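Encoded as structure tokens, the structure appears first; notes follow it.
Chain identifiers are assigned alphabetically (A, B, ...) following the order of the sequence lines, protein sequences preceding nucleic acid strands; residue numbering begins at 1 within each chain. Predicted model only: the values in this text are computed from it and were never measured.
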2 protein chains.
Amino acid sequence: MGKLPIGNHIRKLRFNHDEMTQQQLAEKAGVTRQTIVALEQGKYSPSLELAFRIALVFASPLEEVFFIENKEEFI
Amino acid sequence: MGKLPIGNHIRKLRFNHDEMTQQQLAEKAGVTRQTIVALEQGKYSPSLELAFRIALVFASPLEEVFFIENKEEFI
DNA sequence: CTTATATGTAAAATACTATTTACTTAATGT
DNA sequence: ACATTAAGTAAATAGTATTTTACATATAAG
């Protein structure tokens with residue numbers, strides 16, 4: 001595993017949601033702040049479950065939070 | 001982690017896609033057949049990356065393959 | 001009856017995700 | 001100057017996903 005480049009809009013979405021802090025997002029998603037930091041920095045991609053939880057926090061479809069970068073190449 | 005119940009339609013989608021076998025799906029998704037078996041049986045939920053790869057195989061949006069069960073409860 | 005194919009099961013090993021703890025830096029306010 | 005808050009970094013550990021190997025069952029075909 002580890003070929004598809006996955007990006008996310010977490011940082012933008014935090015600011016669009018009342019400037020939610022990393023800490024607040026972490027609490028709402030049920031993870032630690034370090035996990036949010038790592039995700040925003042693209043250090044790794046999360047489990048599907050965590051991805052769904054973050055999308056729930058932002059009340060957005062999962063694919064509006066996480067996406068395949070350069071998707072065209074992989075179709 | 002491990003609270004959100006995540007389901008999937010992998011088995012249905014395989015049959016809707018020319019009765020693709022577990023082995024064929026595994027190869028296209030770049031994993032082993034055992035991973036597909038485990039996912040179809042709901043033994044665990046995959047990484048976000050694998051979820052995207054499986055969705056790509058079926059040319060379907062991720063959320064048409066994987067979904068939160070009883071979603072209402074979590075909104 | 002034998003072979004091949006699809007699927008299910010299981011245990012151990014490996015890789016990756018997530019937590020915990022702790023320290024650092026920058027910005028803001030008193 | 002000092003305290004507070006948000007964010008970055010890092011290393012060790014725990015927890016979960018995935019692989020590997022191997023065997024079992026059922027079905028269909030020759």
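- When the side-chain nitrogen and oxygen atoms of B:Gln24 are compared with OP1 and OP2 of C:dA6, none of them lie within a distance under 4.0 Å.
- Residue B:Leu39 contributes atom CG, which lies 6 Å from atom P of D:dT18 at whole-angstrom precision.
- With hydrophobic clusters built from ILVMFWY side chains whose heavy atoms lie under 4.5 angstrom apart, A:Leu56 shares a cluster with A:Ile36.
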Note to self: Evaluate B:Phe52 against B:Val65 for side chain to side chain contact (heavy atoms under 4.5 Å, CB included), listing each step before the verdict.
What the structure shows: CA-CA 9 Å; B:Phe52 268 122; B:Val65 184; over 6 Å; no

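- Note on the helix from C:dC1-D:dG30 to C:dT30-D:dA1: angle between the axes of the first and last five pairs equals 30°, rounded to 10 degrees.
- Rounding to whole angstrom units, CD of residue A:Gln23 and C1' of C:dT19 are separated by 13 Å.
- Exactly one of A:Gln23, A:Met20, A:His17 qualifies for a side chain to side chain contact (heavy atoms under 4.5 Å, CB included) with A:Lys28. That residue is A:Met20.
- Distance A:Leu4 CG to C:dC16 P: 15 Å, rounded to the nearest Å.
- Each of C:dT7, C:dT19, D:dA7 was ranked by its minimum atom distance to the side chain of A:Arg14; first place goes to D:dA7.
- Residue B:Gln34 places a side-chain atom within donor-acceptor reach of the base of D:dT21, judged by atom type and a 3.5 Å distance cut-off alone.
- Distance from the side chain of A:Arg11 is smallest for D:dA7 among the nucleotides D:dA7, C:dT20, C:dT17.
- Across D:dT19, C:dG8, D:dA7, the shortest atom-to-atom separation from the side chain of B:Val31 is found for D:dT19.
- When A:Ser45, A:Pro46, A:Pro61 are each tested for a side chain to side chain contact (heavy atoms under 4.5 Å, CB included) with A:Phe66, only one passes: A:Pro46.
- Cluster membership check: B:Leu62 does not share its hydrophobic cluster with B:Phe67, using side-chain heavy-atom separations under 4.5 Å among Ile, Leu, Val, Met, Phe, Trp and Tyr.
- At whole-Å resolution of the value, CD in A:Gln41 and P in C:dA18 are 15 Å apart.
- Remark: the A:Arg33 side chain and the D:dA7 base include a donor-acceptor N/O pair separated by less than 3.5 Å.
- Between the OH atom of B:Tyr44 and the C1' atom of C:dT9 there is a distance of 13 Å, given to the nearest Å.
- Under 4.0 angstrom from either OP1 or OP2 of D:dT5 there lies no side-chain N or O belonging to A:Gln22.
- Residues A:Val31 and A:Leu39 are not in side-chain contact: their nearest non-hydrogen atoms beyond the backbone lie 4.5 Å or more apart.
- A:Glu40 places its CD atom 8 Å from the P atom of D:dA7, with the value rounded to the nearest Å.
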Notebook entry, point to check: Can you check side chain to side chain contact (heavy atoms under 4.5 Å, CB included) on B:Gln24 and B:Arg14, steps first, answer last?
Noted result: CA-CA 9 Å; B:Gln24 290 171 327; B:Arg14 277 201 299 117; over 6 Å; no

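- One can place CZ of A:Phe52 at 17 Å from C1' of C:dT17, the figure rounded to the nearest angstrom.
- Residues A:Val37 and A:Tyr44 do not share a hydrophobic cluster, clusters being chains of Ile/Leu/Val/Met/Phe/Trp/Tyr side chains in contact below 4.5 Å.
- Within the nucleic acid shown, B:Val37 comes within 4.0 Å of at least one base atom, counting heavy atoms only.
- Among the protein residues, B:Ser47 comes within range of the sugar-phosphate backbone only, with heavy atoms under 4.0 Å from sugar or phosphate atoms but none that close to a base.
- One atom, CZ of A:Arg53, and another, P of C:dT17, lie 17 Å apart when rounded to the nearest Å.
- Among the protein residues, A:Thr35 comes within range of the nucleic acid bases, having at least one heavy atom under 4.0 Å from a base atom.
- Looking at the side chain of A:Thr21, the nearest of the listed nucleotides D:dT18, D:dA6, C:dT7 is D:dA6.
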